[in-house]
There are 2 protein chains.
Amino acid sequence: MQPPAATPSMDELRRTFREAGLSFTHQRMVLYRAVQEMRSHPSPEAIYEKVRGEIPSISLGTVYKNIRAFLDAGLLREVSPHHGTLRLETNLEEHHHLVCTRCKTIVDLEETDLEPVRLKCQLPGGFRVDRYNVEFRGLCASCAKMSELS
Amino acid sequence: MQPPAATPSMDELRRTFREAGLSFTHQRMVLYRAVQEMRSHPSPEAIYEKVRGEIPSISLGTVYKNIRAFLDAGLLREVSPHHGTLRLETNLEEHHHLVCTRCKTIVDLEETDLEPVRLKCQLPGGFRVDRYNVEFRGLCASCAKMSELS
DNA sequence: CTAACTGCAAAGTGTTTGCACTCTT
DNA sequence: AAGAGTGCAAACACTTTGCAGTTAG
């Protein structure tokens, strides 16, 4: 269901890091490989636990610093643009979201603004869906304008 | 674009709270109305700021406790099931998510598993979409089984 | 040799909890 | 009167930051 997650060779990694402007350290390499091997959308803590098997002396701070470096370099992404603070929803109807990834503004789209989403495949065994929601990510008008100026 | 957000009358609120098993207090009422008036998916902090205009002595703790009460009662929802902890994404391709709201597991669906999402309307002025992602929420097989037992 | 990275500990956020007091029912 | 809710402060969980020592380029 996922591409085979071919663990990249040392040399490929060297290049990847260099292109991202990151120097090649043992910790960094092990961290990167660990995340690639975990197909499970891991948390920093989960990555830390896994990597400790290989580098027992690694610190959680290093894990966080490297995750941030990977994110900034576009080597990794965050699942949700709203981790960090709780955001509340008043509209209990089925609806969708337009999210500005810069200022975090959320705008609702009504369900009827979209053609219904249709699955072409079966869902993984036994998963019971309650509802779905489409999230469009991008920049709102004012953030888009600001980013053009730079 | 949103239903008129008719601020509920005192009596309607009394009933709403009673049905939710919540007693009717001044703070609660002002909080609830404030959230309904803010069509902006507010954070707890934003709600606190707004409500302080009306009840300067209210505490942030009370705001959090009431938000939790509203969430538990289904009067409010969280925008993201993953606020709280950073979750990382290895798959940089366009794809979608199946999320178990109980154990927070995330499973990827490939883009080709879905018919393309089609908008029936214009996006609000000037919004620039980079990508979109469909999030199916529900219970995974094992969590579904566990919840049947209770 | 210099700049970047690591480990550790301290500081920051955002959120929950415990407790004495007050208000709703 | 009993139970629920409030305010305040302390405790927590998650994440970032600062710094001295180490390593990569």
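Just so you know, these numbers use all the heavy atoms, side chains as well, and skip hydrogens, waters and symmetry mates. Labels below follow one simple rule: chain letters A, B, ... track the order of the sequence lines, proteins then strands, and each chain is numbered from 1.
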Residues from residues 50-60 of chain B lying under 4.0 Å of DNA chain D - heavy atoms: B/Ser57, B/Ile58, B/Ser59

B/Tyr48: what forms a ring-ring contact (aromatic ring centres under 6.0 Å, His included) with it, not counting sequence neighbours? none

Quick one: do the A/Ser43 and B/Thr85 side chains pair a donor with an acceptor below 3.5 Å? no

With sequence neighbours excluded, residues passing side chain to side chain contact (heavy atoms under 4.5 Å, CB included) with A/Ser9: A/Asp11, A/Glu12

Distance, rounded to the nearest Å, where B/Arg68 contributes CZ and D/dT6 contributes P: 15 Å

Rounded at 0.5 Å granularity, tell me how far CG in B/Leu88 sits from CG in A/Leu76. 5.0 Å

Do the side-chain N or O atoms of A/Gln27 get closer than 4.0 angstrom to the phosphate oxygens (OP1, OP2) of C/dG7? yes

Take the C1' atoms of the five end pairs on each side of the helix from C/dC1-D/dG25 to C/dT25-D/dA1, get both axes, and report the angle to 10 degrees. 40°

Sorted by chain and number, sequence neighbours left out, side chain to side chain contact (heavy atoms under 4.5 Å, CB included) with B/His83 holds for A/Leu86, B/Glu78

B/Tyr32 meets the ring-ring contact (aromatic ring centres under 6.0 Å, His included) criterion, sequence neighbours left out, with B/Phe17, B/Phe70

Is it true that the side chains of B/Glu89 and B/His97 contain a donor and an acceptor less than 3.5 Å apart? yes

Polar pairs (N or O, both sides) under 3.5 Å between protein and nucleotides 19-24 of chain C?
none

Sorted by chain and number, sequence neighbours left out, ring-ring contact (aromatic ring centres under 6.0 Å, His included) with B/His82 holds for none

Map B/Arg87 and B/Leu31 onto DNA chain D by nearest heavy atom, then report which one ends up closer to the 5' terminus. B/Leu31

Scan residues 69-86 of chain A against DNA chain D and write down, sorted by residue number, each residue with any heavy atom closer than 4.0 Å; if none is found, say none. A/His83

Rounding to 0.5 Å, atoms CG (A/Leu139) and SG (A/Cys100) come to a distance of 5.0 Å

Set of residues satisfying salt bridge (Lys or Arg N to Asp or Glu O under 4.0 Å) with respect to B/Lys50, sequence neighbours excluded: B/Glu37

A/Leu22 has an atom CG; how far is it from atom C1' of D/dT23, in whole Å? 15 Å

Atom CG of A/Asn66 and atom C1' of C/dA4 are separated, to the nearest Å, by 11 Å

Would you kindly give the CD-to-P distance between B/Glu45 and C/dT13, to the nearest whole Å? 11 Å

For atom OH of B/Tyr64 and atom C1' of C/dG18, their distance in whole Å: 18 Å

Taken to the nearest whole Å, OH/A/Tyr48 to P/D/dT15 is 14 Å

Among all residues two or more places apart in sequence or in another chain, which pass the salt bridge (Lys or Arg N to Asp or Glu O under 4.0 Å) test with A/Arg52? A/Glu49

By ring-ring contact (aromatic ring centres under 6.0 Å, His included) - contacts of B/Phe127 (at least two apart): none

Any side-chain donor-acceptor pair under 3.5 Å between B/His41 and A/Asp108? yes

